[in-house]
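Right, one structure below, let's go through it.
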Amino acid sequence: MSLDLEQINGELKGKSPAEIIAWAISFAKNPVITTNFRPYEVAILKAVTDVQKDIKVIWCDTGYNTMQTYKHAEEIIKKLDLNIQLYTPKQTAAHRNVVLGVPSIEDPKHVLFTEQVKLEPFTRAMKEHQPDVWFTNLRKGQTAFRNSIDVVSVSKDGIVKVSPFYNWTDEQLDAYLVEQNLPNEFTYFDPTKVESNRECGLHI
């Protein structure tokens with residue numbers, strides 16, 4: 001699908017997340033949301049499922065989430081009745097801890113670790129579902145790369161990526177969650193990133 005991203009993002013400037021989502025759903029043949037239930041993810045899950053209730057929600061679980069994140073995920077899945085498509089690494093965390101551990105970011109083995117726990121499950125999910133529209137909760141200010149995109153971008157595989165809350169601040173999202181009576185959870189751990197402002201590799 002050929003898109004004039006500059007024109008589209010200009011037209012969507014100032015639109016609400018609900019309007020942006022409705023625009024994308026209007027032409028999507030096979031849309032998905034990806035999630036890892038990190039802080040504020042519930043906002044995108046609520047906003048998109050309000051427009052398309054049965055949309056597929058791809059959860060790539062690294063196997064290293066905190067107990068709080070797993071409890072939060074179960075609460076959100078139940079509350080929003082999410083159509084979860086779960087993808088996990090081919091090797092359990094317990095087995096990997098014996099043969100590889102959790103390498104530091106400077107360790108050459110960190111590349112292999114990231115491939116195993118995040119990139120491979122994600123690639124497998126996208127290959128199986130072949131979406132044309134991909135909803136994410138990317139926001140400006142998270143990483144240098146994310147500052148370079150906009151509400152609508154196109155992935156390296158040609159999938160239309162839509163980030164309805166791209167220009168929202170934490171404060172705006174806090175207010176949205178209160179208004180929607182939605183829980184948030186900040187005890188989150190991503191073993192591949194270490195630093196919160198480091199790009200995880202899925203979105204480049």
Side-chain angles (χ1 to χ4, degrees), residues 1-3 5 8-9 11-61 69 72-73 76-77 79-87 118-119 121-143 145-170 172-173 176-177 179-180 182-185 188 190 199-204:
M1 184 174 183
S2 179
L3 295 176
L5 292 176
I8 286 167
N9 282 306
E11 290 171 357
L12 293 177
K13 199 173 179 66
K15 299 282 190 189
S16 69
E19 290 172 313
I20 294 165
I21 292 162
W23 166 81
I25 290 292
S26 72
F27 66 82
K29 292 182 175 61
N30 187 25
V32 300
I33 316 174
T34 55
T35 189
N36 49 19
F37 293 100
R38 70 180 185 270
Y40 296 112
E41 283 287 283
V42 65
I44 186 86
L45 296 169
K46 168 68 173 168
V48 177
T49 55
D50 275 352
V51 178
Q52 183 169 325
K53 178 66 187 153
D54 63 347
I55 188 169
K56 288 180 284 192
V57 179
I58 294 172
W59 177 18
C60 292
D61 173 15
T69 296
H72 176 64
I76 298 307
I77 291 167
K79 188 177 179 79
L80 300 181
D81 192 23
L82 298 178
N83 179 13
I84 287 285
Q85 311 290 314
L86 178 64
Y87 287 81
K118 184 169 279 190
L119 302 182
F122 175 82
T123 303
R124 184 168 13 113
M126 289 307 214
K127 190 174 179 182
E128 285 182 18
H129 293 285
Q130 301 198 336
D132 58 341
V133 171
W134 168 16
F135 289 101
T136 79
N137 209 25
L138 300 187
R139 287 190 292 137
K140 190 165 61 177
Q142 290 177 324
T143 69
F145 170 75
R146 295 176 192 196
N147 287 343
S148 72
I149 62 170
D150 209 324
V151 172
V152 179
S153 58
V154 176
S155 78
K156 60 181 181 290
D157 299 320
I159 305 166
V160 179
K161 287 171 66 175
V162 183
S163 306
F165 293 98
Y166 182 74
N167 292 303
W168 280 43
T169 63
D170 285 359
Q172 286 175 299
L173 281 172
Y176 175 81
L177 297 187
E179 177 192 308
Q180 298 290 333
L182 295 169
N184 205 3
E185 175 54 61
Y188 176 76
D190 184 337
E199 189 53 62
C200 65
L202 298 187
H203 298 284
I204 294 173

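Note that the coordinates shown come from a computational prediction; the quantities given were computed from them, not determined experimentally.
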### Message
To the nearest 0.5 Å, what is the distance between CD on Glu185 and CD1 on Ile76?
### Response
10.0 Å

### Query
Is the backbone of Ser16 close enough, under 3.5 Å, to the side chain of Glu19 for a donor and an acceptor to pair up by distance?
yes

### Message
Looking only at the side chains, is there a donor atom on one of Asn30 and Lys56 sitting less than 3.5 Å from an acceptor on the other?
### Response
yes

### Message
Can you tell me how the ring of His129 sits relative to the ring of Tyr87, calling it parallel under 30°, perpendicular over 60° and tilted otherwise?
### Response
perpendicular

### Nearest-0.5 Å distance, OH of residue Tyr166 to CG of residue Asn9
9.0 Å

### Summary
In short, Val51 meets Ala22 closest at the heavy-atom pair CG1-CA, 4.2 Å

#### Entry: Reported OH-to-CG distance for the pair Tyr40 and Asn137, which is rounded to 0.5 angstrom
10.5 Å

### Task
Give a yes or no on whether the backbone of Pro39 and the side-chain of Asn184 come within a donor-acceptor separation of less than 3.5 Å.
no

### Task
Could you tell me the separation between the CG atom of Asp170 and the CZ atom of Arg139, rounded to the nearest 0.5 Å?
4.5 Å

### Message
Determine whether a donor-acceptor pair (N or O, by modelled atom type, separation under 3.5 Å) exists between the side chain of Glu11 and the backbone of Ile8.
### Response
no

### Query
Sub-3.5 Å donor-acceptor pair from the side chain of Asp157 to the main-chain atoms of Ile159, do we have one?
no

### Message
With side chain to side chain contact (heavy atoms under 4.5 Å, CB included) as the test, pick out the partner of Leu182 among Leu45, Leu173, Leu177.
### Response
Leu177

### Query
Does Trp23 offer a backbone N or O that forms a donor-acceptor pair with the side chain of Ser26 under 3.5 Å?
yes

### Task
Give a yes or no on whether Lys15 atom NZ has more than 12 heavy-atom contacts from other residues, nucleotides or ligands under 6.0 Å away.
no

### Query
Lys118 and side chain to side chain donor-acceptor pair (under 3.5 Å): which partner among Asn36, Asp190, Asp61, Thr123?
Asp190

